[in-house]
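One structure, pasted below without further comment.
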Amino acid sequence: MSIVSKVEQQKRAGRFNIYIADEFAFAVAETVLIRFNLFKGRELTPSLITEIKQADQEAKALQTAYVYLSQQLRSRYEVQQKLQQAEINTATIELILARLSAEHLIDDLAYAQSLVRTVANTSVKGPQVIKQLLYQKRIATDISERALNEYPVELQIENATKLYFQLAKRYQKLANFAKQQKIYQTLMQKGYSSAIIEQVVADNELPTDSTAEKQNLAHLAEKIWQRNRNLEPAKRTLKTKQALYNKGFQGDDINEIIATLASPEF
């Protein structure tokens with residue numbers, strides 16, 4: 001049997017040091033102090049001390065979780081990670097997670113739905129990218145699928161269209177065919193389905209400017225031609241053609257500009 005010889009408040013608010021035989025024994029939260037009547041002269045058995053320490057572990061975990069959740073919505077996995085970082089033991093973490101779930105303070109479906117709505121309304125990311133974000137938060141697949149219903153097709157088309165024109169501007173110096181390829185690939189990378197992309201492309205065909213494209217070809221061809229000036233003629237021609245093909249320009253147009261560049265008058 002041990003007897004509490006002193007109770008001392010820490011500088012940290014809500015924490016108290018418990019002394020037995022004038023030596024520090026353990027620290028507890030104020031709620032635990034009150035619950036177990038930890039005053040001077042209190043008799044403690046080894047089993048009671050174990051119970052007190054477990055109660056304090058739970059109080060610490062609960063306080064950590066409450067503060068963390070007060071900042072914004074969190075997934076179950078995020079709260080679990082936070083408690084692990086606070087060095088809470090596994091059994092206590094599971095106990096606290098169950099309590100928080102019962103209190104509806106953690107709810108992965110509500111969390112996932114909120115995340116989907118936020119990303120869909122504040123960015124141009126597609127559903128598959130958002131699904132990946134949910135996966136990183138360890139949201140179950142069935143919950144993710146339900147949450148993605150918060151991203152209606154109409155909004156997907158609206159966001160994909162915004163991105164479509166942003167990309168058209170970014171790739172404006174490419175040949176039309178290459179431009180369309182790059183736009184399509186980037187839209188896929190941003191998480192849009194082929195059906196959505198095809199709908200956007202069909203509804204928003206980009207104007208073609210053959211004069212501007214030929215000017216771009218001439219400018220780029222001359223730049224590449226000069227870069228390869230130290231190569232022997234056949235290899236210089238081949239390397240320049242390859243570079244222009246890779247940019248999406250058409251064969252006849254490339255041959256025409258190469259013939260001009262290779263002429264003695266140029």
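Positions are given from 1, in the same order as the sequence printed here.
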- Message: Quick check: closest heavy atoms across Ser194 and Tyr184, and the distance to 0.1 Å?
- Response: CB-OH, 3.3 Å

- Test log, rule side-chain contact (heavy atoms from CB on, under 4.5 Å), inputs Asn255 and Lys241: CA-CA 8 Å; Asn255 289 333; Lys241 281 186 175 183; 3.0 Å; yes

Show every donor-acceptor pair shorter than 3.5 Å between a side-chain atom in residues 109-123 and any protein atom, with sequence neighbours excluded, or say none if there are none.
residue	atom	partner	partner atom	Å
Tyr111	OH	Glu78	OE1	3.4
Arg117	NH1	Glu150	OE1	3.1
Thr118	OG1	Ser114	O	2.9
Asn121	ND2	Arg117	O	2.7
Thr122	OG1	Thr118	O	2.5
Ser123	OG	Val119	O	2.7
Ser123	OG	Lys125	N	3.3

- Between atom CG of Leu62 and atom CG of Leu100, what is the distance when rounded to the nearest 0.5 Å?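 If I round to the nearest 0.5 Å, the distance is 6.0 Å.
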
- Side-chain heavy atoms under 4.5 angstrom apart, residues restricted to Ile, Leu, Val, Met, Phe, Trp, Tyr: same cluster for Leu244 and Leu238? no

- Task: Would you indicate whether the side-chain heavy atoms of Leu97 and Gln80 approach each other to under 4.5 Å?
- Result: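 Gln80 vs Leu97: side chains touch.
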
- Item | Within 6.0 angstrom of Glu23 CD, more than 12 heavy atoms from elsewhere |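 Open.
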
- Glu222 with Arg229: basic N within carboxylate O range, under 4.0 Å: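 No salt bridge links Glu222 with Arg229.
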
- Message: Is there a side-chain contact (heavy atoms from CB on, under 4.5 Å) between Gln81 and Tyr68? Walk through the geometry before answering.
- Response: CA-CA 11 Å; Gln81 291 294 101; Tyr68 190 53; over 6 Å; no

- salt bridge (charged side-chain N to carboxylate O under 4.0 Å, His left out) assessment of Lys239 paired with Glu232: CA-CA 11 Å; Lys239 293 281 285 185; Glu232 56 94 8; over 6 Å; no

- What are the two closest non-hydrogen atoms of Gln57 and Asn89, and how far apart are they?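 That closest heavy-atom pairing would be OE1-N, 3.0 Å.
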
- Task: Tell me whether Leu105 is reachable from Val79 by hopping between hydrophobic residues (I, L, V, M, F, W, Y) whose side-chain heavy atoms are closer than 4.5 Å.
- Result: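 Linked within one cluster.
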
- Item | Glu87 atom CD: more than 12 heavy-atom contacts under 6.0 Å | no

- Task: Decide whether Leu187 and Leu148 are clustered together by the hydrophobic rule: side chain heavy atoms of Ile, Leu, Val, Met, Phe, Trp, Tyr closer than 4.5 Å, transitively.
- Result: yes

- Task: State plainly whether one hydrophobic cluster holds both Tyr66 and Ile88, where clusters connect Ile, Leu, Val, Met, Phe, Trp and Tyr through side-chain heavy atoms under 4.5 angstrom apart.
- Result: yes

- Tyr135 OH: over 12 foreign heavy atoms closer than 6.0 Å: no

- Between OH of Tyr164 and CD of Gln180, what distance do you get to the nearest 0.5 Å? 4.5 Å

- Query: Between Gln181 and Tyr171, is any side-chain donor less than 3.5 angstrom from a side-chain acceptor?
  - Reply: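 Note: Gln181 and Tyr171 side chains miss the donor-acceptor criterion.
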
- Message: Under 4.5 Å side-chain heavy-atom separation, chaining through any Ile, Leu, Val, Met, Phe, Trp or Tyr, what else clusters with Val7? Say none if it is isolated.
- Response: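 Direct or chained contacts put Val7 with Val4, Phe16, Ile18, Ile20, Phe26, Val28, Val32, Leu33, Phe36, Leu38, Leu44, Leu48, Ile49, Ile52.
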
- Arg35 bridged to Asp56 by N-O distance under 4.0 Å: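 A salt bridge is absent here (no side-chain N lies under 4.0 Å from a carboxylate O).
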
- Could you tell me which non-hydrogen atom of Tyr19 sits nearest to which non-hydrogen atom of Phe24, and how far apart they are?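 Taking Tyr19 first and Phe24 second, the nearest heavy atoms are CD2-N, 3.1 Å.
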
- Task: For the pair Lys82 and Thr64, evaluate side-chain contact (heavy atoms from CB on, under 4.5 Å) and give the outcome as yes or no after the intermediate values.
- Result: CA-CA 8 Å; Lys82 184 67 175 180; Thr64 299; 4.1 Å; yes

- If you group Ile, Leu, Val, Met, Phe, Trp and Tyr by side-chain heavy-atom gaps below 4.5 Å, do Val129 and Ile139 land in one group? no

- What heavy-atom pair brings Tyr192 and Pro127 nearest, and what distance separates the two atoms? CD2-CD, 4.1 Å

- Message: Test your reading of the model: is there a side-chain donor-acceptor pair from Arg236 to the backbone of Trp225, 3.5 Å cut-off?
- Response: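 The answer is yes, because a donor-acceptor pair under 3.5 Å joins these two groups.
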
- Message: Looking only at the side chains, is there a donor atom on one of Gln128 and Ser193 sitting less than 3.5 Å from an acceptor on the other?
- Response: no

- What pair of heavy atoms forms the shortest contact from Arg76 to Ser101, and how long is it?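 Answer, listing the atom of Arg76 first, then Ser101: NH1-OG, 4.0 Å.
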
- Message: Show, in sequence, the C-alpha distance, side-chain angles and deciding distance for Lys131 and Glu145, and conclude whether the side-chain contact (heavy atoms from CB on, under 4.5 Å) test is met.
- Response: CA-CA 8 Å; Lys131 188 174 183 179; Glu145 295 296 340; 2.6 Å; yes

- Item | Passing option when Val200 is tested against Ile157, Asn159, Ile183 for side chain to side chain contact (heavy atoms under 4.5 Å, CB included) | Ile157

